[in-house]
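To find a chain, count down the sequence lines: A is the first, B the second, and so on, and within it residues start at 1.
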Amino acid sequence: MLDIKLIQNDFESVAQSLRKKKVDESLLEELRAISLELKSARLVLEPLQAEQNSKSKLFGVYAKEGKDVSSLKAELSENKAKIADATEIVRALEEKLEALATIIPNMPSPLVPEGEDENDNVELKRVLEPRVFSFTPKEHWDIDSAQNWIDFERGVKLAKSRFSVLKNEAARLERALINYMLDFNRTRGFVEVAVPYIVNRETLMGTGQLPKFEDDLFKIDGEELFLIPTAEVPVTNLFRDEILTKEELPLKMTAYSACFRKEAGSAGKDTRGMIRQHQFDKVELVCITTPEQSEAVFEEMLSCASDLLTSLGLPHRHLMLCGGDLGFSAAKTVDLEVWLPGQNRYREISSVSNTFDFQARRAKIRFKDEGKNRLVHTLNGSSLAVGRTLIAIMENYQMEDGTVSIPDVLKKYM
RNA sequence: GGACAGAUGGGUGAGCGGCUGAAACCACAUCCCUGCUAAGGAUGCGUCGGGGUAACCUGACCGAGGGUUCAAAUCCCUCUCUGUCCGCCA
């Protein structure tokens, strides 16, 4: 959620910033109008409440002293009706404000480049040279070994399209990758946590998936519960409604989880292979920091994910997302794209974002700083999407004879 | 799923329909003492918001939402969650 006060006091800078993200300015204008209306409506209500409070206290005193209270009682009853009207006005405005404030995305950081979509993202750097093949590398589903590793048809039989089954080395590689990534992150100071895969509405509001993106989530029938689209949701919300101490920050956490996404907007995209599934495994990084720490921690997370790819021998590049491609909650995002020789292109495998205080304001995560409560910054990043890492290994480590070799660092995990 | 009990500030935990935003203790912060010493003493200390340069004034909040009342943490209703016992089950 954006800072309503900032919208009231410095509308132009908020509007300017959100233009980068292609936000409809009329929404913002409306939000400001309602917030100001609400302010004046409260100015009507509160003196009435103050009057009611003080006179009700008097009532008690009079009654004890045996004085006549009938005229006072009449006044109070009359005032009570006024309060009811004023309260209704305030309540309705609060509801409107809430509805609007929760669907407006975060402001991009000033460092975020202008741009419409993914074509305007800015490449920051490339790490590792793609391997030169003496044969034409195949896409992962065409590699001979894959016939024995991934069963797409039976995944569909069990659930529906965009589900698959891993077998043999692929199943073991998946498990090895998860363990390797968690251990790697632990050496970088991230504390491992294991969290629920099903969460409630408040939790999803906290990180920004709700109310706007309910269509992207799998909802449990008959319950107000949803399958998590990423471990970012439960891990960040661990501290919802809490006031932390400055000393315990930054909190650096890592979690493995399965992730569930409806992929509502991507019909027909990546239908072949394992790139885009309804269920996938991911190891996530989540950090909670003071505003002063967040930029440095962002860099730590980014290098953690990038070094992980490097340690696996996977060529990749860093992309700074432009305003138009930035997610709802993010102020700044750097994507890591891994080289897929079979597809002959880079594909997203990790995304590291700083949301500044956007999620913290929604989730009410604060810390005590010299007696004052301040909002924390929250950051999240994948490290890495496990299924895509598996694909990347298959395509980058494929041999001419159709087998796949295993990166050295993973051998002890297999 | 059935029966009962409970939900109060960072924690434990009092709370009679008005004098309670809330005792006490712990934790924490600042200061004092250093002949009660792994101690003693003083003061401060909930959250969010409005007004004011400031001292300060003021509204809401005691799981959530309704209701009764001039007045509700306190009474009534609904819901959620937690605990205990029973049932079921990894």
Return no unless some side-chain N or O of [X] is found under 4.0 Å from OP1 or OP2 of [N].
X: A:Arg42; N: B:rG51; result: no
X: A:Asn53; N: B:rU58; result: no
X: A:Lys5; N: B:rG50; result: yes
X: A:Asn79; N: B:rC70; result: no
X: A:Lys73; N: B:rA71; result: no

According to the Watson-Crick and G-U wobble definitions, with both distances under 3.5 Å, which nucleotide is paired to [N]?
N: B:rA71; answer: none
N: B:rA24; answer: B:rU12
N: B:rC79; answer: B:rG63
N: B:rC36; answer: none
N: B:rC19; answer: none
N: B:rU43; answer: B:rA29
N: B:rA54; answer: none

Can [X] and [Y] be counted as an ion pair, charged N to O under 4.0 angstrom?
X: A:Glu337; Y: A:Arg345; answer: no
X: A:Asp183; Y: A:Arg186; answer: yes
X: A:Glu51; Y: A:Lys82; answer: no

For [N] and [M], measure between their [atom1] atoms and round to the nearest Å.
N: B:rC70; M: B:rC16; atom1: P; result: 23 Å
N: B:rG2; M: B:rG87; atom1: C1'; result: 8 Å
N: B:rA22; M: B:rC88; atom1: C1'; result: 44 Å
N: B:rG21; M: B:rA3; atom1: P; result: 38 Å
N: B:rG15; M: B:rC75; atom1: P; result: 12 Å
N: B:rA73; M: B:rC56; atom1: C1'; result: 28 Å
N: B:rG46; M: B:rA24; atom1: P; result: 13 Å
N: B:rC79; M: B:rA23; atom1: P; result: 34 Å

Exercise for review: For the pair A:Glu284 (side chain) and A:Ala255 (backbone), establish whether a donor and an acceptor sit closer than 3.5 Å, ignoring hydrogens and angles.
Suggested key: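 It does not hold such a pair.
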Review point. Quick check: does any side chain N or O of A:Asn121 sit under 3.5 Å from a backbone N or O of A:Cys322, one acting as donor and the other as acceptor?
Key: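 A pair under 3.5 Å: yes.
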Practice item. Indicate, with a heavy-atom threshold strictly under 4.0 Å, whether A:Leu58 touches base, sugar-phosphate, or nothing. Key: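 Nothing, no heavy atom under 4.0 Å.
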Review point. If you look at every strand shown and take non-hydrogen atoms under 4.0 Å, does A:Gln52 touch a base, only sugar-phosphate, or nothing?
Key: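 Sugar-phosphate contact only.
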Nearest listed nucleotide, side chain of [X], among [options]:
X: A:Ser56; options: B:rA71, B:rU58, B:rG50; answer: B:rA71
X: A:Lys368; options: B:rG46, B:rA71, B:rG50; answer: B:rG46
X: A:Arg366; options: B:rC48, B:rC19, B:rG50; answer: B:rC48
X: A:Glu46; options: B:rG51, B:rG18, B:rG59; answer: B:rG59
X: A:Asn373; options: B:rU47, B:rG50, B:rC70; answer: B:rU47

Practice item. Select from A:Leu72 and A:Lys57 the residue whose nearest nucleotide in RNA chain B is closer to the 5' end of that strand. Key: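 Nearest nucleotide further toward 5': that of A:Lys57.
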Review point. Want to settle it: does A:Ala50 or A:Gly60 sit nearer the 5' end of RNA chain B, counting the closest nucleotide to each?
Key: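 Here A:Gly60 is the residue nearer the 5' end.
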Whole angstrom value for the distance that separates [atom2] of [N] from [atom1] of [X]:
X: A:Lys67; N: B:rG18; atom1: NZ; atom2: P; value: 20 Å
X: A:Lys39; N: B:rG50; atom1: NZ; atom2: P; value: 6 Å
X: A:Arg91; N: B:rG66; atom1: CZ; atom2: C1'; value: 12 Å
X: A:Lys55; N: B:rC19; atom1: NZ; atom2: C1'; value: 21 Å
X: A:Leu97; N: B:rG50; atom1: CG; atom2: P; value: 12 Å
X: A:Asp3; N: B:rC48; atom1: CG; atom2: C1'; value: 13 Å
X: A:Glu247; N: B:rG10; atom1: CD; atom2: C1'; value: 13 Å
X: A:Asn9; N: B:rG49; atom1: CG; atom2: P; value: 13 Å

Check your understanding: Within 45° of the six-membered ring axis of A:Tyr62 and under 6.0 Å from that ring's centre, is NZ or CZ of A:Lys67 located there?
Key ->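 Yes, cation above the ring, under 6.0 Å and within 45°.
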Review point. According to the interplanar angle, ranging from 0 to 90°, do the rings of A:Phe184 and A:Tyr180 count as parallel (below 30°), tilted (30 to 60°) or perpendicular (above 60°)?
Key: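 Tilted, since the angle between the ring planes falls between 30° and 60°.
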Review point. Among A:Leu177, A:Leu308, A:Val338, whose side chain to side chain contact (heavy atoms under 4.5 Å, CB included) with A:Leu384 holds?
Key: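 It is A:Leu308, the one option of A:Leu177, A:Leu308, A:Val338 that forms the side chain to side chain contact (heavy atoms under 4.5 Å, CB included) with A:Leu384.
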